[in-house]
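The structure appears below as structure tokens.
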Amino acid sequence: MGKKQLRRMDLIFANDEDFRDILKQTLARPNEEIIEDMISSGLKGRGGAGFPTGLKWKLTAEEKAKNKYIICNADEGEPGTFKDREILTQVSYKVLAGMAVCAKITGAKEGFIYLRGEYKFLVPLLNQELDKFHSACSELGLKFNVKIFMGSGAYICGEESALMESMEGRRGEPRNKPPFPTVKGYRGCPTVINNVETLAHTFTIFKYGPRKFRDLGVQDSRGSKLFSVSGDTPTPGIYELELGMTVQDFVDDFGDGDTKAVQVGGASGFLVPRKRFKETAIGYQGKLTGISLPTGGSMMIYNSSRSMYNVLNNYLDFFQEESCGQCTPCRVGCQQLVKGVDAVKRGDKPTAYLDKLLKLTDTMKFTAKCGLGQSVANSFQSIVENFREEMIY
Amino acid sequence: MTEIQTLVKDLAQSHGRSRESLLPILQGIIEKDRFISEYAMIEVAKELDISTAEVYGTASFYSFLDTEKRGKYVIRVCKTITCAMKGKNQILLALEDTLKINLGETTPDKKFSILETNCLGWCHKAPAMLINDDVYTELTPEMVRQIIEDYRKREA
């Protein structure tokens with residue numbers, strides 16, 4: 001069996017000793033030029049939502065405000081994702097360099113790393129790195145200070161506006177959008193909020209220019225991406241791969257030979273069953289052949305010994321607990337889904353009740369206030385539609 | 001001044017008294033006492049000049065800001081899908097058996113509490129758990145017994 005190996009990249013974790021020189025050179029360049037590079041590189045947000053990073057920086061730079069902020073979103077909570085922790089452990093200086101350049105462009109003086117409570121053990125290491133970073137900044141004449149803000153165990157705080165509420169000392173309940181953070185973010189000021197991995201990629205672009213980044217990947221999905229691989233695989237771990245691969249290529253490389261389905265993008269992502277491996281690609285929405293799934297990089301592999309009912313039940317339990325409870329479609333919707341699949345399984349409800357639950361997830365998709373409630377439909381529908389018999393028997 | 005009053009005052013001193021200091025202050029209380037008592041919440045409210053309902057509302061939102069009394073060592077076993085697939089239940093059973101308490105309970109000597117939590121971000125090294133801020137991965141029931149034994153020795 002000649003397994004096709006996907007091309008492994010080594011950009012993010014490469015140890016760039018010339019870090020200070022790169023930062024110095026980049027800070028010396030005109031703002032417009034850096035933004036132009038960022039946009040032409042095609043870099044999109046690596047947390048999963050995929051907003052163009054260069055545009056986000058540009059929009060914030062254009063806002064006129066006395067105070068602006070840069071936030072690094074390190075509230076990595078999506079089930080199956082663990083790449084950001086590794087970036088912060090190994091190459092946090094790249095993340096900080098990205099924040100520094102963004103600060104220079106936008107005129108922000110303060111930055112924050114919002115670190116999830118589960119990663120508190122990283123604080124001593126990060127504080128050491130911050131000391132080095134602050135001395136580099138003052139050497140280069142950049143007035144920019146970064147602090148760590150700790151989360152306390154709430155998945156929803158990975159949502160950018162909930163994260164800002166949390167930083168302001170409140171419950172992590174998402175805000176209405178618009179206004180977006182680029183206009184009104186932390187403390188009501190223009191704020192750039194980027195995922196850890198996104199910021200680490202900006203360093204690659206500073207160092208090698210936008211071409212090298214753009215040459216990787218396909219069409220609307222440019223560059224490489226870190227994938228967190230777990231589940232039924234002989235080789236769990238973190239891998240940097242080009243965007244645009246099909247799920248089939250991925251399974252050939254990482255599966256255990258008996259892969260039944262792959263969950264792309266964590267509990268809020270999609271379950272891809274075996275029959276769709278070939279036609280499904282990993283990247284952002286674009287004109288790829290077949291279906292293209294965006295992802296924060298969570299790839300959970302299930303082999304044929306796994307019950308998809310148990311998988312769905314586990315996800316729903318997660319969402320029910322992590323829903324902030326602010327909007328009714330998500331709060332009540334998640335509760336009803338948990339009860340509903342259980343009732344069908346026990347035979348307390350007819351199997352047609354599954355269709356009602358599917359309709360409920362449609363309603364949640366259109367009416368929930370934030371990404372959490374809206375994306376419950378992704379995994380629910382992809383599991384129930386593809387493994388209906390497992391939900392019933 | 002009671003012990004908790006002193007703690008809250010000290011925390012407010014170092015983090016400031018604005019609303020933005022609320023989370024760091026509550027986290028500071030957890031670090032010391034592992035839970036935030038009603039009395040502590042009243043003190044925080046006084047110190048920041050906000051209502052106690054605001055303090056409780058915020059604290060109760062976050063799963064790591066316990067408002068129920070916990071042991072000195074809070075064990076949080078990850079229950080999300082990959083850990084569930086890789087033997088989380090056996091880990092939980094081993095903990096319950098060693099500590100002679102059930103999930104959600106605290107030992108009578110107030111040393112250990114067993115809780116479940118959502119994804120810890122160690123799926124590639126499942127099953128995983130936290131004891132306070134320390135991470136333990138690729139667990140087996142035998143390892144769990146040994147880890148608890150080590151904590152007990154430390155306490156003796």
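Because the structure is predicted, anything quoted here is derived from the model rather than measured. Residue numbers begin at 1 in each chain, while the letters A, B, ... track the order of the sequences.
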### Task
Select one option (side chain, backbone, both, neither) describing which atoms of A/R170 are under 4.5 Å from chain B's heavy atoms.
both
#### Entry: For B/R19 against A/E168, the heavy-atom pair lying closest together
CG-O, 3.3 Å
### Message
Using heavy-atom distances under 4.5 Å, tell me whether A/I156 contacts chain B through its side chain, its backbone, both, or neither.
### Response
side chain
### Side chain B/N118, main chain A/P79, donor-acceptor under 3.5 Å
no
### Query
Do other residues, nucleotides or ligands put more than 12 heavy atoms under 6.0 Å from the CD atom of B/E68?
no
### Query
With only heavy atoms counted, which part of A/Y302 is less than 4.5 Å from chain B, the side chain, the backbone, both or neither?
side chain
### Query
Are any non-hydrogen side-chain atoms of A/C157 and B/Y62 less than 4.5 angstrom apart?
yes
### B/E38, CD atom: more than 12 neighbouring heavy atoms under 6.0 Å
no
### Message
Counting neighbours of CG on B/D49 that are heavy atoms of other residues, nucleotides or ligands and sit closer than 6.0 Å, is the number greater than 12?
### Response
no
### Closest-packed option against chain B by number of heavy-atom pairs under 4.5 Å, given A/K83, A/R187, A/E173
A/R187
## Note on the structure
One option among B/V135, B/L130, B/L48, B/L120 has the most heavy-atom pairs under 4.5 Å with chain A, and it is B/L120
### Query
Quick check: are there more than 12 heavy atoms from other residues, nucleotides or ligands sitting under 6.0 Å from NZ of A/K369?
yes
### Query
Hey, which residues of residues 80-97 of chain B are touching chain A, say heavy atoms under 4.5 Å apart?
B/T80, B/I81, B/T82, B/A84, B/M85, B/K86
### Query
Given a strict heavy-atom distance threshold of 4.5 Å, which part of A/D84 is in contact with chain B: side chain, backbone, both, or neither?
neither
### Task
Give me the ring orientation class for A/F82 and B/H124: parallel if the planes are under 30° apart, tilted from 30 to 60°, perpendicular past 60°.
parallel
### Query
Below 4.5 Å, heavy atoms only, C-beta onward: do A/Y186 and B/E20 meet side chain to side chain?
yes
### Query
Side chain, backbone, both or neither: which part of A/E78 has a non-hydrogen atom closer than 4.5 Å to chain B?
backbone
## Note on the structure
Counting heavy-atom pairs under 4.5 angstrom with chain B, the leader among A/G266, A/C324, A/G325 is A/C324
### Task
Could you have a look at A/G172, A/A154, A/G80 and say which one has the most heavy-atom pairs with chain B under 4.5 angstrom?
A/G172
Would you list the atom pairs, donor with acceptor, under 3.5 Å between side chains in residues 22-35 of chain B and any protein atom, with sequence neighbours excluded?
from  : atom 1 : to     : atom 2 : distance (Å)
B/Q27 : NE2    : A/M150 : O      : 2.8
B/Q27 : NE2    : A/G151 : O      : 3.4
B/Q27 : NE2    : A/S152 : OG     : 3.1
B/E31 : OE1    : A/K120 : NZ     : 2.7
B/K32 : NZ     : B/E3   : OE2    : 3.1
B/R34 : NE     : B/N132 : OD1    : 3.4

### chain B contacts, top residue of A/M300, A/E321, A/E76, A/Q263 (heavy-atom pairs, under 4.5 Å)
A/E321
### Message
So for B/K125, is it side chain, backbone, both, or neither that comes closer than 4.5 Å to the heavy atoms of chain A?
### Response
neither
### Shortest non-hydrogen separation from B/S63 to A/G153 and the atoms involved
OG-O, 2.8 Å
### Query
What part of A/V311 lies closer than 4.5 angstrom to a heavy atom of chain B: side chain, backbone, both or neither?
both
### Query
Among A/D232, A/T81, A/N310, who wins on heavy-atom pairs under 4.5 Å with chain B?
A/D232
### Summary
If one checks every heavy atom of A/S298 against chain B at 4.5 Å, the contacting part turns out to be neither
### Query
So B/F64 and A/E118, side chain to side chain contact (heavy atoms under 4.5 Å, CB included) or not? Walk me through it.
CA-CA 9 Å; B/F64 283 13; A/E118 289 83 344; 3.7 Å; yes
